[in-house]
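This is the structure I want to talk about, given as structure tokens.
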Protein chains: 2
Amino acid sequence: MNKPVSILQIAQAAGVSAATVSRVFNQPDKVRADTREMIIALANQHDYQPNSAASALRTQRSKIIGVMLPTFGNPVFAECLEGIASQAAEQGFGVMPVTSDYDSERETKAINRLLAKGVDGMVLVLRDPTKAPGLSQLQKQSVPFVLAYNQHPKYHCVGVDGHSEVVRVVERLRALGHRKIAMISGQLSASDRARQRYQGYLSGMQSANLKPLALIEVDFIASDMLALASLLKQSATKRPTALICSNDLLAFRSLRTATQCGLSVPDSLSVVGFDGIKIGQELSPMLTTVIQPNHDIGQWATTLLIQSISGHARTQKPVTHNLECGFRLGETIGSPPTNRSHLARDVF
Amino acid sequence: MNKPVSILQIAQAAGVSAATVSRVFNQPDKVRADTREMIIALANQHDYQPNSAASALRTQRSKIIGVMLPTFGNPVFAECLEGIASQAAEQGFGVMPVTSDYDSERETKAINRLLAKGVDGMVLVLRDPTKAPGLSQLQKQSVPFVLAYNQHPKYHCVGVDGHSEVVRVVERLRALGHRKIAMISGQLSASDRARQRYQGYLSGMQSANLKPLALIEVDFIASDMLALASLLKQSATKRPTALICSNDLLAFRSLRTATQCGLSVPDSLSVVGFDGIKIGQELSPMLTTVIQPNHDIGQWATTLLIQSISGHARTQKPVTHNLECGFRLGETIGSPPTNRSHLARDVF
DNA sequence: CTGTTAGCGCTTTCAT
DNA sequence: ATGAAAGCGCTAACAG
């Protein structure tokens, strides 16, 4: 239980005052080169590290960024967190993440825990930015924050334009010849992302001059894909030929459901995901999906946040960054079965 | 930029000393009930939160736990982190995670960053506990730590007994009739977990009176599964009938490789994973795998760590907890193809 | 049960 | 370029 070295010991060993040692770490140019190097050498030699609590107390900055995500289990957020953490580390910040499990009440509690830990700012992935009580708390205490994957004109946001991405997916499917394109989503009420993607589906269908089909809304937690199953069990002329999934996890489930219904992908059903989580490309068939730049979203959000914290452009206007998505052309989409080939298959 | 309320303001508002307010938060029973409640009311009313930096400075405890993982992207560690974070939160601790990306040098740097942030202790997932330079640093500064998923007699460890779990897998496969059972793994040199599992394979084969096949060692980062592919392309009588994968990610790849080689699973090849990541059960075929209690591993490690931090049983002997694994009987294993059915297929 | 007192280690004017 | 001094907000003896 040996005590760590303090700035004073280094100062004494160097024959200077504590102030000088402090400057070496915080404003190196204000110290003559040779003294600086001597002090650095001494510091290394003694394993000296400035005490973060003392520095935080004095400067009123913890150099810690709070992060709230729905869960670490979804690779989307895990990758995002990686982006946040690496960018933060680069700038000398640590990261303190908490999860809300997609639950509004927990969001509020989580934000408060972060606040109690004295974070300098937060990156938040909210269920719904229009009704998040925690935010007012942040504003009252004027703690900077940036939303990730959310959209809201009044706050800093970093994410993707889910709307137009889904429009493009519809276009692609249309180009392949699909006309009966359905969408499956988690509960729309549970996230603005899901709503945005669904809106994209509607617009896309309209632009493509196709009739949108009823949304298949499933409880994300429960693994019941019954609605989809009963849809897929309809005759080939009635069921959709393509399915747009609001996220990759749902796409995996849909793939499995299709298999269980005896439909082969992509011959009898095309499936497209949204998220681009890496595991999708390891599977057979490889998932076709919209690839979100999760890591970059985290990085950008962090950069933006640290700018806010540092006070550059204070009382700045809210900024929204929508990053470009990629597209993985996997093995789960193809042309829709024609009547002929369909009949042929039945005969066979 | 309104200043947060300090303990002094609450004290004045309540007509007591700062010490009393402090006691309300730290040793509530030492304060008369009515004064305590009055103070709590006042604190809430003013949104008072004890300043964590000040408290950390004074007590020399940050109430933050450092966590080092290879990556957040692997659901195994993401789930573990969730366990750590929830347990930590329960005990009033925050968590500060960093990733090492399976790289020894980064491990050392990451540990130092955590140290610089003044964490009270760490949960570590190391590449190899026998040669981790960072650990000596921790011991020198007597910062408590617990290893997760690693095994080492000299340190606190929480994990699973990969050895005997794999032995059991071999037994299962043997019971199904398999005799040519191969194992595929990431680089053994890259983790003691991989080595432990491989040893389990060897023991298991020996006990089952089977001849172990050469380990298929793949570079985990590169996606080359060539070695496996060439093995699977051999004639049915030469190639293995079952494949034990050292982790689930490898299992997914193996499944894909098998498909690409024209082998159907489980008819022509049985595949077993290790990890039990959740997505495995959403796929078709559902992955058969050993389920590690990742969340519990995180929880236990954290509990143990906080005990060490709190100084209960100081200079205690190192403890190792190996938690029980589960088993998911998915759709990727079955009896090996018999000669008869094999010939039949060839003829067809 | 409550108050007084003395710092925890660092940063930052303000001098020199 | 460097030093002296004050104090960030809180907690833990020690008194009473």
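Numbers restart at 1 for each chain; the letters A, B, ... are given by sequence-line order, proteins then strands. Below, each value reflects all heavy atoms present in this structure, side chains not excepted, and no hydrogens, waters or symmetry copies.
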Please state how far atom CZ in B:Arg58 lies from atom P in D:dT11, giving the value in whole angstrom units. 9 Å

How many whole angstroms separate atom OH of B:Tyr48 from atom C1' of D:dG9? 8 Å

Rounding to a whole Å, what distance do you find between B:Gln9:CD and D:dG9:P? 8 Å

Side-chain heavy-atom pair A:Val95, A:Leu81 within 4.5 angstrom cut-off: yes

At their closest point, which heavy atom of A:Arg23 faces which heavy atom of A:Lys30, and how far apart are they? CD-CB, 4.4 Å

Distance, rounded to the nearest Å, where A:Asn51 contributes CG and D:dG7 contributes C1': 16 Å

For residues B:Ser6 and B:Asn51, determine if any side-chain heavy atom of one lies less than 4.5 Å from a side-chain heavy atom of the other. no

Respond yes when some side-chain nitrogen or oxygen of A:Ser17 is under 4.0 Å from OP1 or OP2 of D:dG3, and no when none is. yes

Using a cut-off of less than 4.0 Å, is there contact between a side-chain N or O of B:Thr20 and OP1 or OP2 of C:dG3? yes

Once rounded to the nearest 0.5 Å, what's the spacing between atom CZ of B:Arg61 and atom CG of B:Asp120? 5.0 Å

Any heavy-atom pair between the side chains of B:Ser100 and B:Asp103 that's under 4.5 Å? no

What's the NZ-C1' distance between A:Lys63 and C:dT11, to the nearest Å? 14 Å

Do B:Leu135 and B:Leu126 come close enough that some side-chain heavy atom pair is under 4.5 Å? yes

Quickly work out the B:Lys3 NZ to D:dG9 P distance and round it to whole Å. 7 Å

Is it true that B:Asp101 and B:Thr99 share a donor-acceptor pair across their side chains at a distance under 3.5 Å? no

Under 4.0 angstrom between A:Ser22 side-chain N/O and C:dT12 OP1 or OP2: no

Hey, are the side chains of A:Trp300 and A:Pro293 touching, using non-hydrogen atoms and a 4.5 Å cut-off? no

Strictly under 3.5 Å: I want the nitrogen or oxygen pairs between protein and nucleotides 14-16 of chain C, one per line.
none

Would you work out how much the helix from C:dC1-D:dG16 to C:dT16-D:dA1 bends between its ends, with each end axis defined by five base pairs, to 10 degrees? 30°

Looking only at the aromatic ring of each residue, does the gap between the centers of B:Phe145 and B:Tyr155 stay below 6.0 angstrom? yes

Near DNA chain D, which residues from residues 25-45 of chain A have a heavy atom under 4.0 Å away? A:Lys30, A:Val31, A:Arg32, A:Thr35

With nearest nucleotide decided by heavy atoms, which residue, B:Ala18 or A:Ile7, maps closer to the 5′ end of DNA chain C? B:Ala18

Measure the distance from CG on A:Leu8 to P on D:dA5 and round it to the nearest whole Å. 13 Å

State which of D:dT11, D:dC8, D:dG3 makes the closest approach to the side chain of B:Ser55. D:dT11

Tell me what B:Val21 touches on the nucleic acid: a base, only sugar-phosphate, or nothing, going by heavy atoms under 4.0 Å. nothing

